[in-house]
Protein chains: 2
Amino acid sequence: MKRGTGRSGSSAAPNGVDVARLAGVSQKTVSRVFNEEPYVSAEVRRRVLEAAEQLGYRRNNAARALASGRTRSIGVITLGTALYGPASLLMGVERVVRDTGYALRVVNTMEGDPAGLAGAVDSLLDQGVDGIVISEPIDEPGGGEAGPLRVDVPVLVIGAPPPPLSSPAVLSAGGGADLMARAATEHLLGLGHVTVHHLAGPQRWFAARDRLEGWRTTLVSRGRNVPPVVEGDWSAASGYAAGRALAQDPEVTAVFAANDDMAIGLVRALTEAGRHVPGDVSVVGFDDIPVAAYVTPPLTTVRQPFDAVAHEGLKRLVHAIENPDADPLPASAPPVDLVVRASTAPPPPAVTGRSGR
Amino acid sequence: MKRGTGRSGSSAAPNGVDVARLAGVSQKTVSRVFNEEPYVSAEVRRRVLEAAEQLGYRRNNAARALASGRTRSIGVITLGTALYGPASLLMGVERVVRDTGYALRVVNTMEGDPAGLAGAVDSLLDQGVDGIVISEPIDEPGGGEAGPLRVDVPVLVIGAPPPPLSSPAVLSAGGGADLMARAATEHLLGLGHVTVHHLAGPQRWFAARDRLEGWRTTLVSRGRNVPPVVEGDWSAASGYAAGRALAQDPEVTAVFAANDDMAIGLVRALTEAGRHVPGDVSVVGFDDIPVAAYVTPPLTTVRQPFDAVAHEGLKRLVHAIENPDADPLPASAPPVDLVVRASTAPPPPAVTGRSGR
DNA sequence: CTGAAAGCGCTAACAA
DNA sequence: TTGTTAGCGCTTTCAG
């Protein structure tokens with residue numbers, strides 16, 4: 001092939017040898033300068049930097065990765081939806097990853113993806129990432145029949161307990177949805193509702209199950225009746241469908257929806273059926289999407305601290321990557337933030353009087 | 001260093017030489033098998049595959065990139081918001097990139113990012129991508145004072161005309177917002193409104209300017225009065241603020257908002273001010289976000305074909321990457337899709353000053 | 001403080 | 001159909 005190591009011809013991108021020659025030093029010294037290693041005289045550093053600048057030199061990352069065995073990149077696996085929650089999380093992750101000096105690679109697992117999580121992990125491992133973030137994994141159709149996933153880099157799972165996998169470090173972040181669901185439910189109970197209905201998310205999602213659990217345990221611990229759960233698919237359309245059914249039942253005076261989109265569809269169905277929100281029925285959402293404060297009526301909801309979760313989790317992941325032998329950093333729980341607006345109120349008088357069974 | 005090329009010791013990841021030895025062939029043959037090159041006998045292929053399987057072999061991407069000069073990855077630069085439009089676009093891009101066999105690297109440029117677009121491009125170039133997608137770039141504070149960006153890979157710009165940059169190929173996709181804005185405006189005019197007000201997006205965004213332009217030219221070409229523009233920041237909150245002002249003006253009977261979030265805030269403000277939508281004022285949004293059909297009243301809006309745009313644009317970008325010398329593929333315009341729901345109606349009979357019905 | 005030499009694991013010609 | 005020989009551009013090790 002003989003392209004001539006360190007040609008001074010101009011066509012291809014310049015390399016360390018070119019810079020070294022121009023600066024009158026060895027290639028190793030160029031490497032030292034760019035890695036900010038100690039023991040380089042100010043004078044030499046200046047010459048190297050100047051030569052690099054002049055040539056438009058830029059370190060070749062593939063070569064760096066090959067020689068060092070590290071790619072300085074982190075892969076994230078998301079569900080590939082533009083839903084507010086997952087999208088916010090991804091943006092948060094990107095920011096932190098970049099701030100930490102890593103590059104970000106993204107792979108989606110669409111629901112129904114044949115390869116699923118294992119395929120996504122594999123593709124990231126092929127690319128050679130130093131760590132993996134799995135954002136809101138969901139249960140898979142043929143779930144884990146292939147045994148635990150073997151991963152040789154640290155993994156951070158956000159919004160769910162870790163799936164079965166063997167890895168040098170498995171961390172998780174973003175728990176606490178059950179506590180948030182509890183706050184929502186208690187808010188409604190505190191308003192005087194006899195019980196609270198729940199419009200759940202798809203139960204394949206851990207996030208959906210977690211919220212349901214928080215709701216259920218709250219009712220149980222208060223000795224309230226636990227009404228049957230209605231399950232939606234996160235969409236406003238499914239919330240609307242659920243709302244049409246719920247509207248028929250006069251016992252329904254309070255509903256906790258597992259996300260804001262469904263809550264909005266629900267409110268619409270109730271309103272169309274002549275059930276006033278919050279006069280007849282109170283509704284609480286989840287996420288605090290940007291329009292939540294501006295729909296009619298403004299939605300009471302639970303705000304999720306996406307950025308904080310991403311930041312907290314990534315910090316621990318990077319620590320695990322860079323200190324393979326150290327103990328993992330401890331996790332910290334995100335705060336609960338119930339935003340009370342106008343979609344919740346005490347139950348209507350007629351119903352208040354009756355005692356819950 | 002002498003780690004022993006092709007050691008049979010088990011610790012590190014196996015390489016091509018290990019596989020070759022086990023299969024009793026040369027390393028090059030292993031390479032041939034994995035690249036699906038022709039001229040490998042079925043028997044040899046089988047042996048190699050078996051050996052690889054047994055060893056858990058996985059090609060080293062860094063080495064491949066170094067040797068071939070291609071990373072098989074595409075970088076995308078987004079604004080780092082969870083706004084429905086940008087997020088949907090990103091998901092669409094991810095899917096197509098993956099389907100095409102490339103890996104995806106993501107870098108955000110937050111508004112106000114000091115490094116800005118140039119910094120993002122630079123970071124991607126450092127990582128060594130084969131192509132770059134710039135999604136919805138916005139004007140930058142100190143815009144382009146550093147001269148045209150020098151990029152040595154093909155670039156696809158979505159939702160805006162290409163910024164000044166020198167690159168082997170500069171493509172653009174996702175135009176046509178002006179046509180969509182025109183459709184929205186004409187729908188309102190067709191309903192009988194004398195003119196249409198516009199609640200614009202931040203004018204630093206090309207997407208916002210494009211929609212404004214489509215609206216303005218429609219009015220002008222119809223000989224209608226062009227009312228002053230109100231500018232929001234895409235948020236429902238800004239739509240609400242604009243709505244409070246607009247509600248004071250009895251001349252306002254129709255408003256075209258540059259996105260659905262602002263439209264929702266706008267509707268809320270109008271309603272609170274006693275101006276009924278669509279009885280007194282008609283409102284059209286833009287994007288068709290998932291909740292648009294379920295807010296009160298269901299929003300008439302323009303649906304954006306994010307997936308189609310991503311698919312169409314990426315196809316051309318990949319073509320440009322893989323056929324550096326061929327002519328670029330021609331662009332095709334996305335379809336215009338106005339979704340008429342219940343937030344638009346003919347203007348009220350008496351346009352001067354009364355409210356309600 | 002600086003440099004020389006030896007790879008990292010793969011692909012690219014060129015033989016055989 | 002298969003193998004040989006060079007690198008790709010950097011980091012690592014070990015000497016000065």
Side-chain angles (χ1 to χ4, degrees), chain A residues 1-9 11-48 52 55-72 125-128, chain B residues 1-7 9 11-48 52 55-72 125-128 130:
Chain A
M1 180 194 284
K2 199 56 189 168
R3 253 221 285 124
T5 281
R7 65 270 158 229
S8 37
S11 65
N15 61 22
V17 173
D18 297 321
V19 175
R21 186 181 5 265
L22 183 57
V25 299
S26 77
Q27 182 271 327
K28 170 68 224 189
T29 296
V30 173
S31 170
R32 283 207 180 87
V33 170
F34 278 88
N35 287 328
E36 302 185 320
E37 283 172 30
Y39 306 128
V40 182
S41 71
E43 159 59 9
V44 167
R45 153 172 282 111
R46 197 193 52 68
R47 287 215 316 272
V48 168
L55 259 27
Y57 172 68
R58 134 177 287 153
R59 263 185 311 187
N60 180 316
N61 230 293
R64 250 153 74 82
L66 178 57
S68 69
R70 293 184 44 204
T71 59
R72 291 151 242 270
L125 256 18
D126 272 353
Q127 292 179 45
Chain B
M1 182 197 277
K2 200 55 190 167
R3 252 219 289 123
T5 281
R7 65 270 161 234
S11 63
N15 62 21
V17 173
D18 297 320
V19 175
R21 188 187 357 272
L22 183 57
V25 297
S26 78
Q27 183 272 327
K28 172 67 220 188
T29 296
V30 173
S31 169
R32 284 208 178 86
V33 170
F34 277 88
N35 287 327
E36 301 185 321
E37 283 173 29
Y39 305 127
V40 182
S41 72
E43 161 59 10
V44 168
R45 155 170 283 112
R46 196 193 53 66
R47 287 215 316 272
V48 169
L55 259 29
Y57 170 67
R58 139 177 283 153
R59 267 185 307 187
N60 180 318
N61 231 292
R64 253 155 71 83
L66 178 57
S68 70
R70 295 183 42 203
T71 59
R72 292 159 183 80
L125 255 19
D126 272 352
Q127 293 181 44
D130 293 342

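This structure is a prediction, so every number in the text was calculated from the model and none was measured.
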Evaluate the side-chain proximity of B:Arg32 to B:Thr29: yes if any heavy-atom separation is below 4.5 Å, no if none is.
yes
Please check the phosphate of D:dC10 (OP1 and OP2 only) for any side-chain N or O of A:Ser31 closer than 4.0 Å.
no
Quick check: do A:Arg64 and A:Asn35 have side-chain heavy atoms less than 4.5 Å from each other?
yes
Please tell me which of B:Val44 and A:Lys28 maps to the more 5' nucleotide of DNA chain D, matching each residue to the nucleotide holding its nearest heavy atom.
B:Val44
Taking the side chain of A:Ala67 as its heavy atoms from C-beta onward, which of D:dG7, D:dT11, D:dG3 lies nearest to it?
D:dT11
When B:Arg72 and A:Leu66 are each assigned the nearest nucleotide of DNA chain C, the 5'-most assignment goes to A:Leu66
Taking B:Arg58 for the side chain and B:Gly56 for the main chain, is one N or O donor matched with an acceptor at less than 3.5 Å?
no
Of all the choices, D:dT11, D:dT2, D:dG9, which nucleotide is nearest to the side chain of B:Val40 once you look at every atom?
D:dT2
Using OP1 and OP2 only, check whether a side-chain N or O of B:Ser68 sits under 4.0 Å from D:dC8.
no
Could you state the atom-to-atom distance from CD of B:Glu43 to P of D:dT2 in whole Å?
9 Å
Do any side-chain nitrogens or oxygens of B:Asn15 fall under 4.0 Å of OP1 or OP2 in C:dC10?
no
Donor-acceptor pair under 3.5 Å: do we get one between B:Arg58's side chain and the base of C:dG9?
no
So does B:Asn60 get a side-chain nitrogen or oxygen closer than 4.0 Å to the phosphate oxygens (OP1/OP2) of C:dC8?
no
B:Leu55 has an atom CG; how far is it from atom C1' of C:dG9, in whole Å?
14 Å
Over all strands shown, is A:Asn61 touching base, sugar-phosphate only, or nothing at heavy-atom distances under 4.0 angstrom?
nothing
Protein-nucleotide distance (B:Arg46, atom CZ; D:dT2, atom P), rounded to Å
13 Å
Would you tell me if any nitrogen or oxygen in the side chain of B:Ser26 comes within less than 4.0 Å of OP1 or OP2 on D:dG3?
yes
CG of B:Asn60 to CG of B:Asn15: how many Å apart, nearest 0.5 Å?
9.0 Å
Please report the distance, rounded to the nearest Å, between CZ in B:Phe34 and P in C:dC10.
9 Å
To the nearest Å, give me how far apart CD (B:Glu37) and C1' (C:dC14) are.
14 Å
Nearest-neighbour nucleotide for the B:Ser41 side chain, D:dG9, D:dT11, D:dT2 considered
D:dT2
Taking only N and O in the side chain of B:Tyr57, is any of them less than 4.0 Å away from OP1 or OP2 of C:dC10?
yes
Tell me the interatomic distance from B:Arg64, atom CZ, to D:dG9, atom P, rounded to whole angstroms.
18 Å
Scan A:Arg59 against the nucleic acid and name what it touches under 4.0 Å (heavy atoms): base, sugar-phosphate only, or nothing.
sugar-phosphate
Between A:Asp126 (CG) and C:dG9 (C1'), how many Å, whole number?
15 Å
The answer to which of A:Gln27 and A:Pro38 contacts DNA chain C further toward the 5' end, by nearest nucleotide, is A:Pro38
Between the CG atom in B:Leu66 and the OG1 atom in B:Thr71, the distance rounded to the nearest 0.5 Å is 12.0 Å
Within this structure, what is the CZ-to-P distance between A:Arg32 and C:dT2, rounded to whole angstrom?
8 Å
Are more than 12 heavy atoms from other residues, nucleotides or ligands located less than 6.0 Å from atom CD of A:Glu36?
no
